[in-house]
Each structure stands twice: as structure tokens, then as C-alpha cells.
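See structure below.
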Amino acid sequence: MQAFPQLVFSGVQPTGNLHLGNYLGAITKFVALQDTHDCIYCVVDLHAITVAQKPSELTSNIREVTAAFIAAGVDPTRHIVFNQSQVAEHAELAWIFNCVARIGWLNRMTQFKEKAGKDRENASVGLYAYPTLMAADILVYRATHVPVGEDQKQHLELARDIAQKFNNDFLVDNPAYADGKGFFPLPEPLIQGPATRVMSLRDGSKKMSKSDPSDNSRINLADDGDTIAQKIRKAKTDPDALPSALEGLAGRPEADNLVGIYAALEGKTKLNVLQQFGSGNFSTFKSALVDLTVAKLAPIGSEMRRLQADAPYIDGVLRDGSNRARERAAKTMSAVRDIVGFVR
Ligand code: TYM
């Protein structure tokens with residue numbers, strides 16, 4: 001029963017080493033949605049500081065993510081590109097959501113468990129409350145669609161639970177919302193295609209990640225063509241040839257991952273890729289994957305470097321985007337303050 005105007009929102013953390021997983025799982029989707037939707041893309045710097053960041057590195061990582069969005073094809077003039085810390089309404093709504101979400105809900109978040117590791121007592125309170133800020137990011141614009149990789153699915157479910165509980169708790173006796181539509185939409189994750197969970201190039205059972213100590217485990221968006229080629233040539237595989245049917249990928253996580261990457265970069269399905277390369281020599285497929293990946297990513301990497309060298313331009317994009325985002329967020333917060341019952 002959703003009748004909210006469609007709006008896309010998503011965010012990427014400026015924590016360095018942006019990689020092929022971020023690109024295929026999220027950024028390519030951001031680009032594709034621009035023709036059909038109103039879109040807001042956020043560099044989530046408040047999320048980044050839930051773990052320690054060196055201030056000067058944070059600054060350059062914020063510019064790196066912004067440059068990556070633009071180099072990949074996000075248009076900051078038609079849509080909104082900004083950094084979270086410039087729109088204080090995110091933090092304000094997150095506080096209200098801290099009072100809506102239940103401790104039991106946050107205790108179930110697998111990302112907190114992974115990131116906090118064994119030393120949970122020493123994790124920041126911000127890391128624990130991370131998902132309520134993420135819900136606020138989306139809902140402060142009343143966004144309806146959120147393109148993300150598979151790893152964010154649980155956070156999106158929590159955002160829906162928070163929206164639902166806010167609507168239930170605060171609107172029951174409010175005649176302005178007697179139609180039952182609610183104030184916040186229940187945002188839908190958009191997790192589609194062959195590369196929603198890109199795996200490490202060194203270990204097909206581990207997600208490709210910014211924090212993996214081995215740089216060979218991931219292809220960074222900033223890597224040049226030679227580095228990309230080398231990493232793919234070194235990528236772990238098994239001794240068998242590629243199968244011609246999807247079932248043949250079962251139990252072969254490394255092969256499955258590389259086929260998924262090829263399919264996503266080429267805009268095809270995994271089956272299409274197997275039809276093209278199945279039964280052939282693995283090395284033939286790998287060479288084609290090297291060519292395709294270099295052709296798609298190397299130009300993005302060099303455009304990123306060009307944009308990053310122009311900090312005044314990047315900062316101007318973020319300032320302009322933040323001004324436009326703030327206008328929208330302020331409207332939501334004004335209504336939220338009334339709904340909660342604050343005097344103003
Ligand atoms: P972050 O910065 O870890 O990742 C950014 C996006 O990249 C996706 N991703 C992957 N996709 C496929 N394979 C992988 N190996 C891979 N690794 C990362 C992530 O799913 C994500 O879409 N919590 C979010 C940031 C965030 C956000 C939001 C997202 C904050 N507020 C509101 C959407 C809406 C995060 O840590 O993403």
C-alpha cells in the first residue's frame with residue numbers, strides 16, 4: 001500500500017580502497033537508475049568515523065568516493081551527490097531512531113559482530129548504532145528504493161522495521177495520518193544481477209573487502225590497467241575447465257565469482273557467459289576477463305585521478321549537493337518534530 005513518490009537513496013563509506021565490489025554491487029546501479037528516478041547519493045562520512053580514521057585520510061577518501069561516483073557516470077547536476085556530515089538532519093533523525101529501534105534488533109546485526117570482532121567491549125557506541133544512522137540517511141528523504149550489495153540486506157530490513165515502528169508508535173492518535181499510509185515509506189532494497197556479492201580474488205569464500213590486508217584480494221577502482229591485469233591473472237581458480245551450465249559452478253566459488261564479474265561488467269547473465277566460454281580452457285576466459293575489466297575500469301581510474309586532483313571542484317559539488325539535500329531533509333524533520341510532539 002505504498003503511495004510515496006519514488007526516490008532512490010544510497011551511500012558509500014569513505015574508508016579508502018574503493019573496489020570492484022563497490023562498483024558492481026552499488027555504483028553501476030546508481031548510474032543506471034539516474035534515467036528513470038530522482039536519486040540522492042551520499043558519501044557517508046559520519047559512518048566512516050564509527051572506526052578510527054586519520055583526519056587527513058578521511059578528507060581525501062571523501063573526495064575519492066565523490067570522484068568515483070562522477071567518473072563512473074553519476075551526474076551531480078541532475079541528481080544530488082553530497083557528504084553526510086554537511087546535513088545535520090541525518091544525525092538528528094538518527095537520535096530519534098535510537099529511541100525507536102530496540103536493543104534486541106541491533107544485537108542481531110551481523111555486520112556489527114564482524115566489525116567489532118572479539119573485542120566487543122572496546123567497539124565504539126557509534127559502530128553499534130550504525131544501522132539507525134543508516135535508516136535515518138534513507139528516511140530523512142523518505143526514499144523508497146535503495147540500491148546496495150547483498151551485505152546491506154539486513155540493515156535495510158532494520159530500516160523498514162524502524163519506519164514501521166515509528167509509523168505505528170507515533171501516528172495512532174494523529175488525525176492527519178488517519179488514512180493509514182504512514183509518514184515514512186518502507187524502503188525497498190534493490191539487490192539484483194550477477195554481482196551483488198563479489199568475492200575476494202584470493203579466497204572465493206570471503207567477500208571482496210576494503211579491509212582485506214592483501215591488496216591482491218581486490219581490484220581497486222584506482223588501480224591502473226597493468227595492476228588490474230596482474231591481479232586477475234593471479235586470481236585463485238581450480239584446475240577444471242569452465243562448465244557450460246550454471247549447475248557446474250556449484251562448489252566452485254572462485255570460478256563462480258569470476259563468471260559473475262564478467263557477466264556484470266558485460267551486462268549479461270552468468271549463463272550467457274558460460275555459453276560463450278564453457279568447456280573451453282580457463283586461461284582463455286581469464287584473458288577475456290582481463291581485457292574486459294581493464295577496458296571498463298582503467299578509464300574510470302584515470303578520470304578519478306584527474307577529478308581528485310581538482311579538490312575545489314569536488315568540494316564545490318559536495319557543497320552544492322549538501323545545500324539541496326538539506327532543503328529536503330529540513331522539510332522531513334520539521335514534520336517529524338511535530339509528529340513526535342516537540343515544541344518549536
Ligand atoms: P560500504 O561503503 O561498505 O559499501 C558501499 C556499497 O558497496 C556494496 N559492496 C559490495 N557489493 C558487492 N560485493 C562486494 N564485495 C561489496 N562490498 C561492498 C555495499 O553493499 C554497498 O552498497 N552501510 C553502507 C553505507 C550506507 C548506506 C546508507 C547504504 C550508509 N548509509 C544508506 C545505503 C543507504 C556501507 O557500509 O557500504
Side-chain angles (χ1 to χ4, degrees), residues 7-30 33 39-51 53 61-62 64-66 68-69 72 82-85 87 90-91 93-94 97 109-112 114-115 126-127 129-160 162-163 187-212 217-221 253 256-257 260-261 263-265 325 329:
L7 175 68
V8 169
F9 180 94
S10 196
V12 175
Q13 291 197 74
T15 40
N17 296 336
L18 268 187
H19 54 71
L20 183 65
N22 300 128
Y23 178 68
L24 294 178
I27 300 172
T28 54
K29 313 285 171 63
F30 298 179
L33 286 159
C39 305
I40 304 182
Y41 298 128
C42 184
V43 184
V44 290
D45 46 11
L46 297 176
H47 277 112
I49 63 163
T50 56
V51 299
Q53 303 293 334
N61 288 336
I62 292 168
E64 184 198 27
V65 175
T66 313
F69 286 175
F82 76 108
N83 59 317
Q84 196 183 22
S85 60
V87 181
H90 289 239
L93 185 58
F97 285 171
M109 295 295 111
T110 54
Q111 187 166 303
F112 174 74
E114 278 161 26
K115 287 203 175 171
L127 189 66
Y130 181 114
T132 59
L133 177 59
M134 181 161 160
D137 296 339
I138 300 163
L139 294 169
V140 84
Y141 304 100
R142 301 212 270 173
T144 53
H145 293 85
V146 186
V148 281
E150 177 72 38
D151 61 347
Q152 296 301 314
K153 194 168 173 214
Q154 195 185 33
H155 286 159
L156 256 297
E157 280 159 12
L158 187 90
R160 293 168 65 91
I162 289 176
E188 280 177 37
L190 298 175
I191 305 175
Q192 287 143 2
T196 56
R197 189 176 174 81
V198 177
M199 308 307 278
S200 156
L201 298 181
R202 309 300 299 160
D203 177 351
S205 68
K206 275 186 7 197
K207 195 178 69 170
M208 184 177 285
S209 143
K210 295 170 183 176
S211 54
D212 194 315
S217 69
R218 67 182 158 262
I219 293 171
N220 299 307
L221 290 189
D256 189 11
N257 188 39
I261 291 172
L265 284 172

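Whatever order the structure lists them in is the order used to number ligands and atoms, beginning at 1.
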Please write down residue, atom name and distance for the protein heavy atom closest to [atom].
atom: atom 5 (C) of ligand 1; result: Asn22 ND2, 3.6 Å
atom: atom 25 (C) of ligand 1; result: Gly11 O, 3.5 Å
atom: atom 2 (O) of ligand 1; result: Gln13 N, 2.8 Å
atom: atom 36 (O) of ligand 1; result: Tyr130 OH, 2.7 Å

### Task
Apply side-chain hydrogen bond (donor to acceptor under 3.5 Å, both in side chains) to the pair Gln111 and Asp151, showing each step before the final yes or no.
CA-CA 8 Å; Gln111 187 166 303; Asp151 61 347; over 6 Å; no
#### Entry: Arg218/Asp212 salt bridge by N-O under 4.0 Å criterion
no
Answer yes or no: does an N/O atom from [X] fall short of 3.5 Å to an N/O atom of ligand 1?
X: His155; value: no
X: Gly21; value: yes
X: Val12; value: no
X: Met208; value: yes
X: Ser10; value: no

Short list, please: which atoms of ligand 1 are under 4.0 Å from a heavy atom of [X]?
X: His47; answer: 30 (C), 31 (N)
X: Gly25; answer: 11 (N), 12 (C)
X: Thr196; answer: 11 (N), 12 (C), 13 (N)
X: Ala26; answer: 6 (C), 7 (O), 22 (O)
X: Lys207; answer: 15 (N)
X: Val146; answer: 33 (C), 34 (C)

### Task
If the plane angle is over 60° it's perpendicular, under 30° parallel, otherwise tilted; pick one for Tyr141 and Phe82.
perpendicular
### Message
Ring-plane angle category for His90 and Phe9, please: parallel below 30°, perpendicular beyond 60°, tilted otherwise.
### Response
tilted
### Message
Looking at ligand 1, is there an atom of it that comes within less than 4.0 Å of some heavy atom belonging to Lys210?
### Response
yes
### Query
Got a second to check how far Ser10's OG is from Ile138's CD1, nearest 0.5 Å?
7.5 Å
Looking at [X] and [Y], what are the two nearest heavy atoms and their distance?
X: Asp45; Y: Asn83; result: OD2-ND2, 3.0 Å
X: Met109; Y: Pro131; result: CG-CG, 3.9 Å
X: His47; Y: Thr50; result: O-OG1, 2.7 Å
X: Ala68; Y: Leu221; result: CB-CD1, 4.2 Å
X: Ala48; Y: Thr15; result: CB-CG2, 3.9 Å

For [atom], the option (of [options]) bearing the nearest heavy atom:
atom: atom 28 (C) of ligand 1; options: His19, Gln111, Met134; value: Met134
atom: atom 20 (O) of ligand 1; options: Val198, Asp151, Asn257, Val148; value: Asp151
atom: atom 37 (O) of ligand 1; options: Lys206, Gln152, Glu150, Arg197; value: Gln152

### ligand 1-proximal atoms of Asp137, by part, heavy-atom distance under 4.0 Å
side chain
### Task
Check step by step if side-chain contact (heavy atoms from CB on, under 4.5 Å) holds for Tyr23 and Ile219.
CA-CA 10 Å; Tyr23 178 68; Ile219 293 171; over 6 Å; no
#### Entry: His155, Lys115, Gln154 screened by side chain to side chain donor-acceptor pair (under 3.5 Å) with Thr110, the one that passes
Gln154
